[in-house]
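Heads up: the structure comes next, in structure tokens.
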Amino acid sequence: MGGCFSKPKPVEVKVELSLLEKEKEMDGLSPNGKASPFADCRPNGALGHGSDDDSTPLPLYHKPRDYVEASVCHVKDLENGQMREVDLGSGRALLIKEHGEFSAMGHKCPHYGAPLVKGVLSKGHVRCPWHGACFNIATGDIEDFPGLDSLPTFQVRVEKDKVIIRANKQALQSQKRSKPMARCSAVINSSTGFSHVLIIGSGPAGLVCAETLRQEGFTDRIVMCTMDRHPPYDRPKLSKSLDSTAEQLRLRSMDFLQDHDIELLTEKEAVAIDVKTRSVTFEDGLRMEYRKLFIATGSK
């Protein structure tokens with residue numbers, strides 16, 4: 001794998017914060033009351049201002065007081081291919097320099113919280129040092145697993161040789177985000193024994209399959225079946241955190257699955273598959289037909 005391990009240089013960083021003491025009358029105002037210089041900047045910017053052609057929409061946070069702006073380092077403090085974890089006062093971010101451009105995003109891997117500054121930066125991606133999850137530095141999207149969530153990205157600009165980051169406080173605290181997902185448009189009764197996509201198994205593989213379909217705009221029915229009586233949970237932790245509860249190990253809540261029209265059938269053991277009729281029979285006698293079948297039962 002290309003790239004290099006990036007370690008922060010032992011340089012003292014002076015942080016200059018611009019926190020709003022009161023809400024401004026106009027969302028487009030910066031803390032000094034002037035038109036915000038970030039209005040035309042890209043979420044992750046080059047050495048200079050973003051072009052007028054860049055129409056990347058800003059997150060739908062409406063109040064300037066929800067944001068923090070901070071000067072985090074001198075433009076020469078980072079060389080190409082380096083990363084640094086920086087403090088914005090309301091939280092920390094990962095500052096990246098590659099091909100002369102600065103980017104900023106969440107500093108912790110959403111999987112188990114590994115410090116990404118200790119990971120590998122290569123070709124527009126950062127790979128987690130613990131389990132290898134890979135994130136796009138331009139979008140924050142997760143592009144290789146393990147893990148479910150992506151990272152928030154923050155606006156960056158350079159002014160008078162200072163690198164300035166503007167970030168939403170809530171995003172700084174959460175350090176993760178979910179990709180937008182479609183909803184099911186098929187009018188099908190939940191008791192109907194047919195699903196456009198039937199997933200056997202509710203581990204990370206089955207869950208990622210269901211979420212990816214919704215993220216890619218799939219609007220037909222998705223049913224996920226499991227022998228367990230719990231919603232999807234983090235199975236590897238069963239051998240690492242022996243005193244954990246199902247609630248603590250949960251990957252997604254039932255509310256999350258319902259909000260994105262991912263149906264979950266618990267305590268359903270598949271005992272037979274008929275590929276000719278495209279149907280699955282369960283131990284309790286239930287028979288469900290499918291258009292596509294994904295088997296993600298894992299192994300013992």
Side-chain angles (χ1 to χ4, degrees), residues 6 8-108 115-117 121 124 126 135-140 151-175 177:
S6 302
K9 295 167 61 179
V11 177
E12 182 179 356
V13 178
K14 179 181 179 181
V15 178
E16 299 176 4
L17 300 178
S18 300
L19 296 173
L20 294 181
E21 296 179 356
K22 61 181 181 178
E23 181 180 353
K24 304 297 180 181
E25 295 181 358
M26 298 177 61
D27 290 350
L29 296 183
S30 62
N32 61 12
K34 298 180 181 179
S36 174
F38 287 94
D40 296 324
C41 285
R42 293 173 288 183
N44 285 321
L47 295 177
H49 297 278
S51 67
D52 294 335
D53 295 332
D54 193 332
S55 57
T56 303
L58 295 179
L60 296 178
Y61 302 110
H62 301 292
K63 299 178 180 179
R65 66 184 179 187
D66 293 336
Y67 287 86
V68 61
E69 296 179 8
S71 172
V72 295
C73 69
H74 190 275
V75 69
K76 294 183 179 180
D77 285 345
L78 261 67
E79 301 292 338
N80 279 319
Q82 288 189 324
M83 301 185 291
R84 176 176 297 181
E85 193 174 299
V86 294
D87 190 354
L88 278 73
S90 296
R92 303 182 72 83
L94 182 69
L95 180 65
I96 302 164
K97 186 177 182 181
E98 190 176 47
H99 304 306
E101 295 190 356
F102 286 96
S103 305
M105 62 183 189
H107 70 98
K108 294 194 299 185
L116 293 175
V117 71
L121 170 64
V126 172
F135 302 92
N136 187 305
I137 66 173
T139 64
L151 292 168
T153 55
F154 311 119
Q155 292 180 327
V156 182
R157 89 184 226 273
V158 175
E159 183 178 280
K160 296 180 180 179
D161 291 333
K162 293 182 179 180
V163 180
I164 302 171
I165 298 177
R166 182 177 192 254
N168 177 266
K169 297 177 184 178
Q170 183 178 350
L172 282 173
Q173 293 299 316
S174 68
Q175 290 290 315
R177 64 174 177 81

Q: Look up atom CD in Q170 and atom OH in Y67, then write down how far apart they are to the nearest 0.5 Å.
A: 10.5 Å
Q.
On a heavy-atom basis, which atom in R84 and which in C73 lie closest, and how many Å separate them?
A. NH1-CB, 4.1 Å
**Q.** Side chain proximity check, V126 to M105, heavy atoms < 4.5 angstrom
**A.** yes
Q | Member of K108, R92, E85 meeting the side-chain contact (heavy atoms from CB on, under 4.5 Å) criterion with V117 | A | E85
Q | Partners meeting side chain to side chain contact (heavy atoms under 4.5 Å, CB included) with D161 (sequence neighbours left out) | A | H74, V75
(Q) Could you report the tightest heavy-atom contact between G106 and L116, atom names first, then the distance? (A) O-CD1, 3.8 Å
Q. What pair of heavy atoms forms the shortest contact from D77 to Q82, and how long is it?
A. O-OE1, 4.0 Å
Q.
Quick check: closest heavy atoms across R166 and F154, and the distance to 0.1 Å?
A. O-CB, 3.6 Å
(Q) Ignoring hydrogens, what is the shortest heavy-atom contact between G124 and E98? Give both atom names and the distance. (A) N-OE1, 2.9 Å
Q) What distance do T153 atom OG1 and L151 atom CG have between them, rounded to the nearest 0.5 Å? A) 9.0 Å
Q: Carefully, step by step, assess L121 and I137 under the rule side-chain contact (heavy atoms from CB on, under 4.5 Å).
A: CA-CA 9 Å; L121 170 64; I137 66 173; 4.2 Å; yes
Q | Spacing of CG belonging to L94 relative to NE2 belonging to H107, to within rounding of 0.5 Å | A | 9.0 Å
**Q.** Member of I165, I164, V156 meeting the side-chain contact (heavy atoms from CB on, under 4.5 Å) criterion with F102
**A.** V156
Q: With sequence neighbours excluded, tell me which residues meet salt bridge (charged side-chain N to carboxylate O under 4.0 Å, His left out) with R177.
A: D141
Q) Looking at N168 and D66, what are the two nearest heavy atoms and their distance? A) ND2-O, 3.4 Å
